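Notes follow the structure.
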Amino acid sequence: MKIVRLKTAVVEGNFDWTFVRLETDEGIRGLGECFFAPGLTAILRSLEPLLVGEDPRDVHRLFRKLQLATSGAGSVAGIVYNAISGIEAALWDVLGQWLEVPIYRLLGGKFRDQLRIYADCHGGEALESLDEVLRSRQPSWVKRGSRHKPKDYFGQAKKERSYSAADYRKRALAMKSQGFTALKFDLDVPGTEGFDPHNRCLSNRAIDHMVSLIGSVRDAVGYEIDLAVDCHWRYSVSDVIKVAQALEPFRLLWLEDPVPPESLEALRAVASRVRVPIATGENLYLFEGFREMLQRHAIGIATPDLQKVGGLAVASQIAQFADAQTIPIAPHNISSPVGTLLSAHFCASIPNFLVLEFHASDVPFWNDLVQGMPKPLIQNGTIRLPDKPGLGATLNEKVARKYARKGEPFFE
Ligand code: MG
């Protein structure tokens, strides 16, 4: 079997869901999804000549070929891995279809049939849609005159109204009523800034506001619902420790990305001084990106993103190593159902799976983007593992085309 073409399409969801399709001379088509990035489809098209004529069943060898082509033997990170992750997923999809087995079988089989999902609840507010350089946008599928107001993701927080405990509570109850048993909220929202936006320090007032936000969620949903919080790498070691200590009574599932990513020692300092598991990993690439922090227990939970980290094989290697350190895996996921189902295959195949993210509860057509699976895909806070060959679902191109990002090729 040979690859004859690589094609791309981008759907404007709450992020740019970037699809890559590999077409073969035997008529099998593999589908993958990549984490958004500026110039991503151009990178994908640049990689096409390296794949055409190759046997798509040689997944590991083709991964290595793409890797070597991008920075020689020194390729360790960067946007090119967003592209490679999607391509690698498409290769597994081809192989699974050719062997007539689901992808999880290729990974060694399953530990479970249902994957527990957590709902990302942002800052309590509904819809947030960001373009490839994180500018907030009004998506084409949001009705004019709706409450959604595009806003700057960076630096203008003071002009916005503070997010309130009532917002958080309302959102938590809505998600609980849909059956989710795990939720995640942002801590870095308007109303929780310190005195200076650049020095990573917090005020007592800011910390008190965080406590009121998370406290209102706990009060609303009780302690049986797992609750994680995200800091988006914003705070100093000393001040995020104050935050974690103040939130201790709420028995959080994890505290995500507490400090800037450059220092492993900073992460270790936080992890060693707070009584809540620290999670990180959504921006890390390859096994090398995780090895030291797992080995040194700088984190309690690893959150690789399957559409970015380098692919399924890389993620499996990370999970295996994490398991040897007794560290669970909670994959980051902001993707369409395509990437989410790919993540489901991975989550089913590892022993140390904790919970998988779902970030698109505000996107009305999310379920409609794939065909071949019972809908809705997520029921009672879980997603069912696909059991058909390959990914187990295909893209509904009619729906995808309707919401395609303007100016991007659509599998042309
Ligand atoms: Mg995060």
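In each ligand, atom 1 is the first atom listed, and ligand 1 is the first ligand listed. Note that the coordinates shown come from a computational prediction; the quantities given were computed from them, not determined experimentally.
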Practice item. Could you tell me whether Trp366 and Phe358 have their ring centroids closer than 6.0 angstrom? Key: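 Yes, close enough.
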Check your understanding: With Ser216, which residues qualify under side-chain hydrogen bond (donor to acceptor under 3.5 Å, both in side chains), at least two apart?
Key ->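 Partners of Ser216 by the side-chain hydrogen bond (donor to acceptor under 3.5 Å, both in side chains) criterion come out as none, since no residue qualifies.
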Practice item. Sequence neighbours left out, what passes side-chain hydrogen bond (donor to acceptor under 3.5 Å, both in side chains) with Asp113? Give chain and number order. Key: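 Residues passing side-chain hydrogen bond (donor to acceptor under 3.5 Å, both in side chains) with Asp113: Lys110.
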Exercise for review: Flag yes if more than 12 heavy atoms outside Arg205 fall under 6.0 Å of its CZ atom; otherwise flag no.
Suggested key: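 Yes.
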**Study point:** Partner residues of Pro38 under the side-chain contact (heavy atoms from CB on, under 4.5 Å) criterion, sequence neighbours left out
**Key:**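 Result, side-chain contact (heavy atoms from CB on, under 4.5 Å) vs Pro38: Ile79, Glu132, Val133.
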Review point. What is the number of protein N, O or S atoms that sit under 2.8 Å away from the Mg ion (ligand 1)?
Key: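 The number of such protein atoms is 3.
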Review point. So do the side chains of Leu62 and Ile3 get within less than 4.5 Å of each other, counting heavy atoms only?
Key: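 Side chain of Leu62 against side chain of Ile3, heavy atoms only: contact under 4.5 Å found.
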